[in-house]
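Written below as structure tokens is the structure these notes are about.
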Amino acid sequence: MSYMAYTGVLGFATPPLNSSRKSKEFNKDTSFSCCSTSTSTNEQETSKKFSYSRASPHVRWPHLKFAETRDNSQHNMLYSDVKDAIKVDSDEGLVNLDENDEAVQVFDKRLSRNNVKKMNKLALKRAKDWRNRVQFLTDKILELKSGEFVADVLDEKMVQMTPTDFCFVVKWVGQVSWQRALEVYEWLNLRQWYAPNARMLATILAVLGKANQEALAVEIFTRVEAAVGNTVQVYNAMMGVYARNGRFAKVQELLDLMCERGCEPDLVSFNTLINARLKSGPMSENLGIELLSEVRKSGIRPDIITYNTLISGCSRESNLEEAVKVFRDMEVNRCQPDLWTHNAMISVYGRCGLSNEAERLFKGLRSKSFFPDAVTYNSLLYAFAREGNVEKVKEICEEMVEMGFVKDEMTYNTIIYMHGKKGQHDLALQIYRDMKSFGRNPDAVTYTVLIDSLGKANNMKEAANVMSEMLNSGVKPTLRTYSALICGYAKAGQRVEAEEMFDCMLRSGIKPDNLAYSVMLDVHLRSNNTKKAMSLYNEMVGNGFLPDRTLYESLLRVLSGENSEQCIEKVIGDLEELHGLSLEMISSVLTNGKCYDFAAKIIRLAVMQGSNFDEENLLSILSSYSLSGRHSEAIELLNFIQKHASGSQQCIAEAVIVIHCKAGQLNAALDEYYKNNNLHSHNGSFAMYESLIKCCEENERFPEACQIFSDMKFHGIETSANIYQTMAFMYCKMDFPETAHHLVDQAEVKGLPFHDTLICTGLIEAYGKVKQLEKAESIVGSLRQRCKILDRKVWNALIQAYAANGCYEKARAAFTTMMRDGPSPTVDNMNSLLQALIVDGRLNELYVVIQDLQDMGFKISKSTIILMLEAFAQSGNIFEVKKIYHGMKAAGYLPTMHLYRVMIGLLSRGKHVRDVEAMFSEMEEGGFTPDLTIYNLLLKMYTKIEDYKKTVEIYQRIQESGLNPDEETYNTLILMYCRDCRPEEAALLMREMRRLGFKPRLDTYKSLIAAFCKQLMLEEAEELFDSLKSEGHKLDRSFYHLMMKMYRNSGNHSKAENLLVTMKESGIEPNDATMHLLMTSYGSSGLPVEAEKVLNSLKSSGSNLTTLPYSSVIDAYLKNGDFDVGIKKLVEMKNEGLDPDHRIWTCFIRAASLCHSMSEATMLLNAIGDAGFHIPIRLLTQNSMSLLSEIDCYLKKLEPIEDQAAFNFVNALEDMLWAFERRATATWIFQLAVKRNIYHQNVFRVADKDWGADFRKLSAGAALDASLEGLPESPKSVVLITGTAEYNKVSLNSTLKAYLWEMGSPFLPCKTRSGILVAKAHSLRAWLKDSPFCLDLELKDSPILPETNSMHLIEGCYIRRGLVPAFKDIKERLGQVTPRKFARLALLSDEKRERVIRADIEGRKEKLAKLEEVGVMRNKKFSKLSKRKFIRRAVLSEAESGILN
């Protein structure tokens, strides 16, 4: 506990057991932060006195029933006053009442404080009388107005006064107004009514000391000192003036002067000296014991006041150790502690955070015969308030009231301080209002505590209101009040208000202290006001205050930005002269203040003087030079140090490394690091390793960083928490979470715990990536043991780890824990739950989880909806995606550009052309501008559906939009030209693409080569193929296969053989497919013998043969008509131990479908029957329905086999059954193939009432089956996609047209796309209704097998054999004709057809002759052709219609 009322005590050597000590005690108890309660020089002039009515015993101990001995108006009188009165009474009873004699007698005799002599009756009567006179004159003087003078009262001589009476008048008046007391003193001197005496001088010095009027006291002491003589009381009073302000040197000087003049110091002198020392600065170790020893050396025994003064000083500084030492010394020397002592010890325990010890001492007071007073309770109250123990504070207050005490100002101040420290500003304000409502007057401490707590909470508006209330109540703000308000404004960034408050403090006469100057200097520096900052700095230094190092660095930083060299030099001079800093310390301050040039000069000076310099500062200077491009200056400085400083080679090498790191030159830094062996043999600096590691982290060179960190640990360099954290993060990024976790544990063992949860989050994420969820859970578990509520980032990381591994149940459990324990889950947590289901493939449960979340009160956000939409989009579920999309729009969430990309990408992959076009239009209507990604998706879609016209339109839009095509655009366009059989344009586009710096994909090259091969453009294909090899592209086997197919189709077998050699030289071994291609090339050219030679070479090489090469040879013989040889090769294969499979069966079935006679077909089918496969021959000779189950089982076996085994097998069966009029069986097998997904559903489909079919890759028979199935209910059109390619020399396009046109169907070739037949719905319905061919479309099996094949392959057209003569005649003589015309001509007899064709030809000639005569033949020809669709322009004319009709 801090007792500050020792000035009077030390001045008059009386035990201070009054309220003054308690008031002053609290003033120091509440000294925290920028808020203190020490007053400045003039603060007591007009301030409202703090009324603390705890001086009288009957008030301090109400339960002891003391009688009140004094009037309430005198409760503020110090106990020393009463003691002085007692001494006066006793003196007056012993001495003559003459004025001059009395003064000398009283101060010359050294009376005992404890022995008061009895007064006679006359003296007692005189004593009561002088009190009345003194009180009467005091009241008269204090009633004077400001314009009236003391002389007006004293000159009237209303009462007779002795010099002793006047001493008390000065003293009593001084308690209210030191100005009036000084005026009385000066009036007495002017009137010379009495000779100057020591008592009067000591009295006025005490009054001026209490008012902090040190200058006036010194003046009076100096002026009258010689006349008074050497009196110990006068010296003690003057030392008390100095001691009040902590002027220990002055007190020591005065004490020495006493000894020189032969005036022996007493115990009061030493007590005053001790008080001054304790106030002058912090206590050093064993200071209390040393001061006690000094007292004892003077032959004086320390008393209770001495010990109490020391313990009070320890309390002010919260120095428990020194307080305990003094207390033990007190017990050893048998000085009995009083209540004051125990109160001080309770205070020091409370200030040091030992509230339990304070309470223990409090409870032991009664056992020592002490009764706690108000000071005791307030000291204990502060001990628990400091810890924020609200319950205990409340309990002590209740006990205090029960004991008869009332909450006083000190109590309220303590409670306000407690709530302010806890940030409970509303409660603090409420206590403040309660304090006023209960009649307690807030003092400067109260207001200062409130303002300080509000300022710390940035509630400056309320703090300003409290300041206004303080001024309105008449309480003058102290220095700490202003400092608290200035600090608050500065913290809130209200620099103008802070400056105004500082000026207001100056105007009020309060001089700033070091804190006020420092805060205002910081305000000016933060606003970069250099002029004001330097002005305030000069004023601050001039008044004896010095900024701390941090403030100096900030000042230098601002000055360096202004290039104020003169000011910087002045600051450097102050650092050297005023602070006495060494050159090394000055260079450090300059470096931190970014005055690198001045710091470099100081380092040069230190080197020249042989002094040490800080290597870290040198590295900072060099780094600054490097970052600003001043490399030459950096090198010059290094050379200077190397020349003049010994043993600095390692430092220079490290500096170079740091410079490179700061400049971002990591490679150069690493080269320098590995080049200098000294750095590995000796310990490097921490800054070098830190710079290297940080630079490696920035450049993501994690392995190098790990190596450097290992070197750092090997050389024993102490690692900081920052480096540990950086390395842990790097190991997490490298997917080594165990190593990172080990580093974190090491840091905690070394006392470097990571309070930031970021590292824990990184560890959890890393463990999640490597699927070590148990360790991630252990981290969360350890964190939950340390803190009650985890950071939301930790939960997010754990749930995301579960989500990444598809652990929905665990993620849901963590989510539930968050809801129970906090913090509450966010949208990210909900999305992670859904992500867990998505990763686990449980998309069907997403809606269930969404419903659960909504039932729990969570609102489904847009990001959650988009997450679901993207999940279904990734799975290709167009239906769910469209449902979610429309639901999102209905909920008011507008689509984003990203969402449009997802939707268009999904719909384009699903070939939902109309939906894509609608989405594209919606996007444009919504104000979104399509980007290149959207256009590329459209290009891909139109290319896939072979709508090349739309593809070109999209490309034109890209160019019109000002977008630059990228690699994806060019690759798609090249693919489009290749599929459209326009390889020349594709080649031109590829050249343009490469000119722009884009690299085509290998698939793009492959497509272009395939297009060249399809068009048999051998030279172009070979040129492109050779260029790819020369450029170093790694071509796979498929490129060689393409070239071999081209050589096969062109009949160039020698090149195919040479390509095989080249393929082997390139390191690609031919496989069965390669040899199959070579053999099929021989077979398609009618050279089965050459194919057999290839087979024999494979046998001789010892290769493990499969049925594929045998099937190639057998197929070659069968296609060449050598059926016997083919059957022989089958038998040979079986004899060699190789069982025939689906390839062999397919070859024989396909050959049987092309046989001219039934006998040949039966021979081939019996051959495979003998080999163990009877299904084909049984389909022709037995009831087909009974075989369907066997066929189904066989197809089931073929489904998992590659190379489309089931597809090729069914195609061959369909052709064979159509060839020999088993068409119902063909239909059943076709439907079975569709059911088995051998033929995909797009063979015939009904979607949005638009019937269409894709027959590509079907055999002719399968296509004929498919073309006669379906329900054309569409109001628009029917589409048959046949393609343009030939399979096994059969063109589906030609075959279907021949069949359908023979029946007069309305299917016509598509105008914009090749390989497509289109029929308008109304035309198709009319044809189906009226055509005699459509009366019965049911396909039936012929009851008797035909002797010859009913189908014939002619020019790629697999048609009915009876239609062959008419087909040849029409095509050769008329060329391409309309379907209706073809049907009418085909159904005519040979004689009638001849006449019609002849008439048609003659009519054409006549028509052409007439058009030539008119001169408009060309225009009308093109006009007519534009009206007639799908007729070859070079052949047809209007005459055809007239002739046929």
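Just so it is clear, the values below take in all heavy atoms, side chains as well, and ignore hydrogens, waters and symmetry mates.
Summarising the local packing, CD of E1019 is surrounded by 12 or fewer heavy atoms from other residues, nucleotides or ligands at distances under 6.0 Å. When the shell of 6.0 Å around CZ of F928 is examined, it contains more than 12 heavy atoms from other residues, nucleotides or ligands. Heavy-atom contacts from other residues, nucleotides or ligands closer than 6.0 Å to CD of E953 number more than 12. Within a 6.0 Å radius of CD in E1023, no more than 12 heavy atoms belonging to other residues, nucleotides or ligands are found. With a 6.0 Å radius and a threshold of 12 heavy atoms from other residues, nucleotides or ligands, E700 has its CD atom at or below the threshold. Few gaps surround NZ on K1029; more than 12 heavy atoms of other groups in view lie less than 6.0 Å from it.
Of all non-hydrogen atoms in W795 and P823, the two that sit nearest each other are CD1-CD, 3.9 Å. Scanning all heavy atoms of the two residues, the minimum distance from L973 to T951 falls at CD2-CG2, 4.2 Å. Of all non-hydrogen atoms in P1000 and M990, the two that sit nearest each other are CG-CG, 4.0 Å.
Once rounded to the nearest 0.5 Å, the distance linking CD1 of I1009 with CZ of F1039 reads 5.5 Å. Rounded to the nearest 0.5 Å, atoms CD (E765) and NZ (K733) are 11.0 Å apart. For the atom pair CD (Q1015) and SG (C978), the distance works out to 10.5 Å, reported to the nearest 0.5 Å. Between R957 atom CZ and Y935 atom OH the span is 4.0 Å, to the nearest 0.5 Å. For the atom pair CD (Q772) and CG (L763), the distance works out to 11.5 Å, reported to the nearest 0.5 Å. Taken to the nearest 0.5 Å, the CG atom of N829 stands 4.5 Å off from the CG atom of N796.
Separation of the Y1005 and H1033 ring centroids falls under the 6.0 Å cut-off. A centroid separation of 6.0 Å or more is found between the aromatic rings of F879 and F872. Taking the centre of each ring, F858 and F815 come in below the 6.0 Å mark.
Residues R1001 and E967 fail the side-chain proximity criterion, which asks for heavy atoms closer than 4.5 Å. In this structure, M830 and P825 have side chains that are not in contact, with every pair of non-hydrogen atoms separated by 4.5 Å or more. A 4.5 Å side-chain heavy-atom check between V916 and L938 finds at least one atom pair inside the cut-off. L1042 places none of its side-chain heavy atoms less than 4.5 Å from the side chain of F1025. Between T969 and L963 the shortest side-chain heavy-atom distance does not fall below 4.5 Å. For the pair D1003/N971, no side-chain contact is recorded, criterion being any heavy-atom separation below 4.5 Å from C-beta on. T896 is listed as a side-chain neighbour of L899, based on a closest heavy-atom distance under 4.5 Å. Using a 4.5 Å cut-off on side-chain heavy atoms (C-beta onward), S1066 and L1035 make no contact.
Between E1031 and K999, none of the side-chain N atoms (NZ, or NE/NH1/NH2) sits under 4.0 Å from a carboxylate O, so this pair counts as no salt bridge. Under 4.0 Å is where a charged nitrogen must lie from a carboxylate oxygen, and between R812 and E845 no such pair does.
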Practice task
Apply side-chain contact (heavy atoms from CB on, under 4.5 Å) to the pair L843 and L846, showing each step before the final yes or no.
Solution key: CA-CA 5 Å; L843 299 183; L846 288 177; 3.9 Å; yes
Handout entry: Verdict with supporting geometry, L906 and R909, side-chain contact (heavy atoms from CB on, under 4.5 Å)
Key = CA-CA 5 Å; L906 173 66; R909 288 194 299 271; 3.9 Å; yes
Practice task
Carefully, step by step, assess N831 and Q835 under the rule side chain to side chain donor-acceptor pair (under 3.5 Å).
Solution key: CA-CA 6 Å; N831 291 348; Q835 186 67 33; over 6 Å; no
Exercise for the section: Just do the side-chain contact (heavy atoms from CB on, under 4.5 Å) check on Y977 and L1008 with the steps written out, would you? Expected result: CA-CA 9 Å; Y977 283 124; L1008 185 55; over 6 Å; no
Exercise for the section: Evaluate side-chain contact (heavy atoms from CB on, under 4.5 Å) for M1017 paired with E984, printing each intermediate quantity in order. Expected result: CA-CA 10 Å; M1017 300 171 66; E984 299 90 345; 3.5 Å; yes
Practice task
Could you walk me through whether K1006 and S1038 pass the side chain to side chain donor-acceptor pair (under 3.5 Å) test, one step at a time?
Solution key: CA-CA 8 Å; K1006 189 186 298 182; S1038 61; 2.9 Å; yes
Exercise for the section: Apply side chain to side chain donor-acceptor pair (under 3.5 Å) to E922 and Y900, showing your working. Expected result: CA-CA 9 Å; E922 178 186 323; Y900 280 120; 3.3 Å; yes
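For the pair D931 (side chain) and I934 (backbone), a donor-acceptor distance under 3.5 Å is present. Side chain of D840 to main chain of A836: no donor-acceptor pair is present (N/O by atom type, distance under 3.5 Å, no hydrogens or angles). D791 places a side-chain N or O within donor-acceptor distance of the main-chain N or O of K793, the cut-off being under 3.5 Å. Within the 3.5 Å criterion, the main-chain N or O of L894 finds a donor-acceptor partner in the side chain of K862. Within the 3.5 Å criterion, the main-chain N or O of M976 finds no donor-acceptor partner in the side chain of D980. Remark: the backbone N or O of S824 is paired with a side-chain donor or acceptor of R792 at under 3.5 angstrom.
Scanning for salt bridge (charged side-chain N to carboxylate O under 4.0 Å, His left out) contacts around E809 gives R842, with sequence neighbours left out. Considering only residues two or more places apart in sequence or on other chains, L937 meets the side-chain contact (heavy atoms from CB on, under 4.5 Å) condition with I904, S908.
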Output side-chain donor-acceptor pairs under 3.5 Å for residues 798-805, partner residues at least two apart or in another chain, one line each.
residue	atom	partner	partner atom	Å
Y802	OH	E777	OE2	2.5
N805	OD1	K771	NZ	3.1
N805	ND2	G768	O	3.0
N805	ND2	A801	O	2.8

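By the 6.0 Å and 45° rule, K883 stacks over the aromatic ring of Y847.
Side-chain contact check for S861 and T864: at least one donor-acceptor pair (N or O, by modelled atom type) lies under 3.5 Å.
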